[in-house]
Participant: 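This is the structure I have questions about; it appears just below.
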Amino acid sequence: MLRRVIIIVLLLAAGWGGYRCFLRWQERRLVSQARKFLSAKDYRSAVLSARQALQMDSGNVDACRVMAELAGMACSPDGVYWLQRIAELGGGLRDQLAWCAASLRFGDLPSAEKALSSVKGADRQTVVFHQLAAAVQMASGQLALAERHFEVAARLNPANFQHQLNLADVRLRMNKPDLAARAREVLSRLVERTESRDAAMRILLADAMTTKNMDKAVLLARDLLKNDKAEWRDRLACLKALHEGRDAAFAATLRKIQTEATGREGDAFELAVWMNRAGLSAQTVAWLAGWPPAKAGRPPLVAALAEAHVLCRNWKALRLLTETGEWGGMDFYRQAFSSRARYEEGDRAGAQVQWRAAVAAAIKTPGAAMMLARAAGNWGWKTEMEDLLWQVAEGPSGQKWALQALYRQYQAECNTGGLYRVLTRILEIDPEDGVARNNHTLLSLLTKVRTGSAFLSAEKLYRSQPDNPAFVSTYAFALHERGQTDEALKVMGALKEEQLRAPAVALYQGVLLAAKGRMAEAEKYLALAAKGLLLPEEKVLLTQAGKRP
């Protein structure tokens, strides 16, 4: 009897092992098929094969790579998700940096920061890491940090002129005349070298545009356009300079660049997006009307064409495009544009159905949800945008960018309740976020909500960073609310004058001084505070402090 049981168990084990081998073989076959379809430009079949492989094993890296490549070809934000998946499944430095670069391309700064943080050890000392880290810092407005990364990259590889260009570029943006002058000197030397000429001129052109020196910008653009081998991004920058400089050569240059882009869908998409932003959406529609529907009606061009129809208010044409175009992985965008067209045509019920479908499809991928939120914001659909952002913010992943967007919106609106809700959610996700904790504490004090725990929180934050002006002013205000204004002034006294003059800090210094009857000193800080963006509760504090005898 025992022998029969053992034989049965062995047979079952062999059968299970054989089944697993079959599954692995099936996965490899599906990925191989996906690759063949990709090479043959049969993208629909490539997607189906790769998805079937992922249904069998969601951790199949090769299938994820196929999906990432397909998303890249379609200029779809889904690529960020797939590159992140590859990196998290054990990809190396190259995959981590590819994830970071894609995140930056689609404006997903939180994802880019997360990608950089996934790089560990010696990989953080590589040139390419410092280059991307600098790009992330530039995107977040931290130019001084970006400069440091570019300096390290230049030190690690001094023979590469690109690092000198990057360093000059960031220094021109730092609003420091001495650094800008040094940067222009470096660029003038690099213009004289054949291998760095175009890149140096590109940066000088951007500098001229930023400083509104349009005469110089037009001259640089004309010179750069003489090089038929100039990069595509350079030609677009030159086109922008000619347009903003109202140069007579703009129309002919635009036609020439449109001809160059014909048949190159990625380049054509970039050009169409720029034309839409430059107020040339009618020309975008006319230009893409000459393209075969099989190209203009599929990603990425279909998205630019749809936006052009929106800007031109061509609602019938937009609805037709959403019904006939092949949107592929951007189907959520098709549904969003369909919603807009139906709304404008008076079909409000149909518009709601399409918008809900778009949200349901986009919510699964942070990049797609971000694109959808931006579209809603651009259209003035504030309620729809806010609801979408909160769905992401309260979901299991991708919350950070949505919370940042909501915070910016509520901050611009001086919406205390909205800010408090956002900060509460941030702390649910990351209780150790000191900045969010301090802001949440300050709002609790301002609105008189849970002031006891708010005081303890303010004190703890202050003890952890007694030289942080934001933490100091919050703790000082907490002390003042407890009637300990003298102690609060002592705490504020540790700050430097330049720190006290920041509007967000100046308000509380002014309030404290006014409370002690030192109005001559208080007025200076209250005047500085009045120049800042104040919440309604802070405006009440300002008004009350100004009325003290």
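Along the sequence shown, residues carry numbers from 1.
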Participant: Would you compute the distance between atom CG of Leu305 and atom CH2 of Trp291 and round it to the nearest 0.5 angstrom?
Facilitator: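 Rounded to the nearest 0.5 Å, the CG-CH2 separation comes out at 11.5 Å.
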Participant: Suppose we screen for side chain to side chain contact (heavy atoms under 4.5 Å, CB included). Which residues come up paired with Leu236, at least two apart in sequence or across chains?
Facilitator: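 With sequence neighbours excluded, Leu236 shows a side chain to side chain contact (heavy atoms under 4.5 Å, CB included) to Trp232, Glu270, Leu271, given in chain and number order.
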Participant: Considering non-hydrogen atoms only, spot the tightest contact between Pro110 and Gln404 and give its length.
Facilitator: CG-OE1, 3.2 Å
Participant: For Arg425 and Ala393, which heavy atoms make the closest approach, and how far apart are they?
Facilitator: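 So the two residues come closest at NE-O, 2.7 Å.
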Participant: Hey, could you give me the NZ/CG distance between Lys400 and Asp430, rounded to the nearest 0.5 Å?
Facilitator: 8.0 Å
Participant: With a 4.0 Å cut-off on N to O distance, would you call Asp108 and Lys114 a salt bridge?
Facilitator: no
Participant: I'd like to check Phe129 versus Gln96 (side-chain heavy atoms, cut-off strictly below 4.5 Å). Are they in contact?
Facilitator: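 They are not in side-chain contact.
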Participant: Please identify each residue that fulfils ring-ring contact (aromatic ring centres under 6.0 Å, His included) with Trp274, with sequence neighbours left out.
Facilitator: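 For Trp274, the residues satisfying ring-ring contact (aromatic ring centres under 6.0 Å, His included) (neighbours in sequence not counted) are His243.
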Participant: Given side-chain contact (heavy atoms from CB on, under 4.5 Å), test Leu242 with Leu225 step by step and report yes or no.
Facilitator: CA-CA 11 Å; Leu242 296 179; Leu225 283 168; 3.8 Å; yes
Participant: Should the heavy atoms of other residues, nucleotides or ligands under 6.0 Å from CZ of Arg124 be counted, would the total exceed 12?
Facilitator: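 Result for CZ/Arg124: enclosed.
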Participant: For atom CZ of Arg277, decide whether the heavy atoms of other residues, nucleotides or ligands shown that lie under 6.0 angstrom number more than 12.
Facilitator: no
Participant: Which heavy atom of Pro158 sits nearest to which heavy atom of Gln164, and what is that distance?
Facilitator: O-NE2, 4.0 Å
Participant: Applying the side chain to side chain donor-acceptor pair (under 3.5 Å) criterion to Ser111, which one of Tyr81, Trp401, Trp99 satisfies it?
Facilitator: Trp99
Participant: Ignoring hydrogens and angles, tell me if any N or O in the side chain of Ser196 forms a donor-acceptor pair with the backbone of Leu190 under 3.5 Å.
Facilitator: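 Such a contact is found between Ser196 side chain and Leu190 backbone.
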Participant: Within the side chain of Ser188, is there an N or O that forms a donor-acceptor pair under 3.5 Å with the backbone of Arg184?
Facilitator: yes
Participant: Verify, without hydrogens or angle tests, whether Ser339 (side chain) and Gln335 (backbone) share a donor-acceptor contact under 3.5 angstrom.
Facilitator: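 The answer is no, because no donor-acceptor pair under 3.5 Å joins these two groups.
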Participant: Hey, are the side chains of Phe161 and Arg193 touching, using non-hydrogen atoms and a 4.5 Å cut-off?
Facilitator: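 Heavy-atom side-chain distance check passes, below 4.5 Å.
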Participant: Could you tell me the separation between the CZ atom of Arg421 and the OH atom of Tyr410, rounded to the nearest 0.5 Å?
Facilitator: 6.0 Å
Participant: Please confirm whether the ring centroid of Trp381 lies under 6.0 Å from the ring centroid of Tyr343.
Facilitator: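 Yes, the ring centres sit under 6.0 Å apart.
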Participant: Can you name the closest pair of heavy atoms from Cys100 and Val136 and give their distance?
Facilitator: SG-CG2, 3.7 Å
Participant: With heavy-atom distances below 4.5 Å as the criterion, would you say the side chains of Gln137 and Leu143 are in contact?
Facilitator: no
Participant: At what distance, to the nearest 0.5 angstrom, does OG1 of Thr253 lie from CG of Asp247?
Facilitator: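 Reported value, rounded in 0.5 Å steps: 7.5 Å.
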Participant: Heavy atoms, side chains only, cut-off 4.5 Å: are Ile429 and Leu403 in contact?
Facilitator: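 In short, these two side chains touch, coming nearer than 4.5 Å.
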Participant: Could you tell me the separation between the CZ atom of Arg202 and the CG atom of Leu224, rounded to the nearest 0.5 Å?
Facilitator: 8.0 Å
Participant: Charged N to carboxylate O under 4.0 angstrom, Arg171 versus Glu151?
Facilitator: yes
Participant: Flag the pair Arg246 / Met214 as yes when at least one side-chain heavy-atom distance between them is below 4.5 Å, and no otherwise.
Facilitator: no
Participant: Check each of Glu345, Glu344, His309 against Arg319 using the side chain to side chain donor-acceptor pair (under 3.5 Å) test, and report the only one that passes.
Facilitator: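 The side chain to side chain donor-acceptor pair (under 3.5 Å) with Arg319 is passed solely by Glu345 among Glu345, Glu344, His309.
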Participant: Quick one: ring-ring contact (aromatic ring centres under 6.0 Å, His included) partners of Phe150, sequence neighbours excluded?
Facilitator: none
Participant: Output, in order, the C-alpha distance, side-chain angles, deciding distance and verdict of side-chain contact (heavy atoms from CB on, under 4.5 Å) for Arg342 and Gln352.
Facilitator: CA-CA 9 Å; Arg342 291 170 187 273; Gln352 288 182 358; over 6 Å; no
Participant: Assess whether side-chain contact (heavy atoms from CB on, under 4.5 Å) is satisfied between Val302 and Phe269, documenting all intermediate values.
Facilitator: CA-CA 9 Å; Val302 66; Phe269 172 70; over 6 Å; no
Participant: Measure the acute angle between the ring planes of His149 and His130, then classify it against the limits of 30° and 60° as parallel, tilted or perpendicular.
Facilitator: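 Ring orientation of His149 relative to His130: tilted.
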Participant: Is any side-chain N of the basic residue among Lys382 and Glu413 closer than 4.0 Å to the acidic one's carboxylate O?
Facilitator: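 Here Lys382 pairs with Glu413 in a salt bridge, since their nearest N and O are under 4.0 Å apart.
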Participant: For a quick test of reading the model, state the closest non-hydrogen atom pair linking Val191 to Arg197 and the distance between them.
Facilitator: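 Residues Val191 and Arg197, closest heavy atoms: O-CG, 3.4 Å.
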Participant: Give the intermediate values and the outcome of side-chain contact (heavy atoms from CB on, under 4.5 Å) for residues Met67 and Arg85.
Facilitator: CA-CA 11 Å; Met67 295 300 292; Arg85 185 86 177 117; over 6 Å; no
Participant: Does Leu219 offer a backbone N or O that forms a donor-acceptor pair with the side chain of Asp223 under 3.5 Å?
Facilitator: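 Answer holds: no.
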Participant: Between the side chain of Asn314 and the main-chain N/O of Ala317, is any donor-acceptor distance below 3.5 Å?
Facilitator: no
Participant: Parallel, tilted or perpendicular for Trp327 and Phe337, by the 30°/60° rule?
Facilitator: tilted
Participant: Decide yes or no for Met201 and Asp234: does some side-chain heavy atom of the first lie under 4.5 Å from some side-chain heavy atom of the second?
Facilitator: no
Participant: With a 4.5 Å heavy-atom cut-off, do Leu104 and Leu132 have their side chains touching?
Facilitator: yes
Participant: Do Tyr407 and Leu423 have side chains that get closer than 4.5 Å, going by heavy atoms?
Facilitator: yes
Participant: With distance as the sole criterion, is a donor-acceptor pair present between the side chains of Asn166 and Gln162 under 3.5 Å?
Facilitator: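 Judged by distance alone, the side chains do pair up.
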Participant: Between the main-chain N or O of Ala122 and the side-chain N or O of Thr126, is there a donor-acceptor pair closer than 3.5 Å?
Facilitator: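 Not a single qualifying donor-acceptor pair exists.
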Participant: Can you tell me if Asp198 uses its side chain to pair, donor with acceptor, with the backbone of Glu231 under 3.5 Å?
Facilitator: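 Absent.
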Participant: Would you give the length of the straight line joining atom CG of Leu187 to atom CD1 of Ile203, rounded to the nearest 0.5 angstrom?
Facilitator: 5.5 Å
Participant: Ignoring hydrogens, what is the shortest heavy-atom contact between Ala98 and Leu83? Give both atom names and the distance.
Facilitator: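 Closest pair (atom of Ala98, atom of Leu83, distance): O-CD1, 3.6 Å.
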Participant: Are Arg173 and Asp169 ion-paired here, with the side-chain N under 4.0 Å from a carboxylate O?
Facilitator: yes
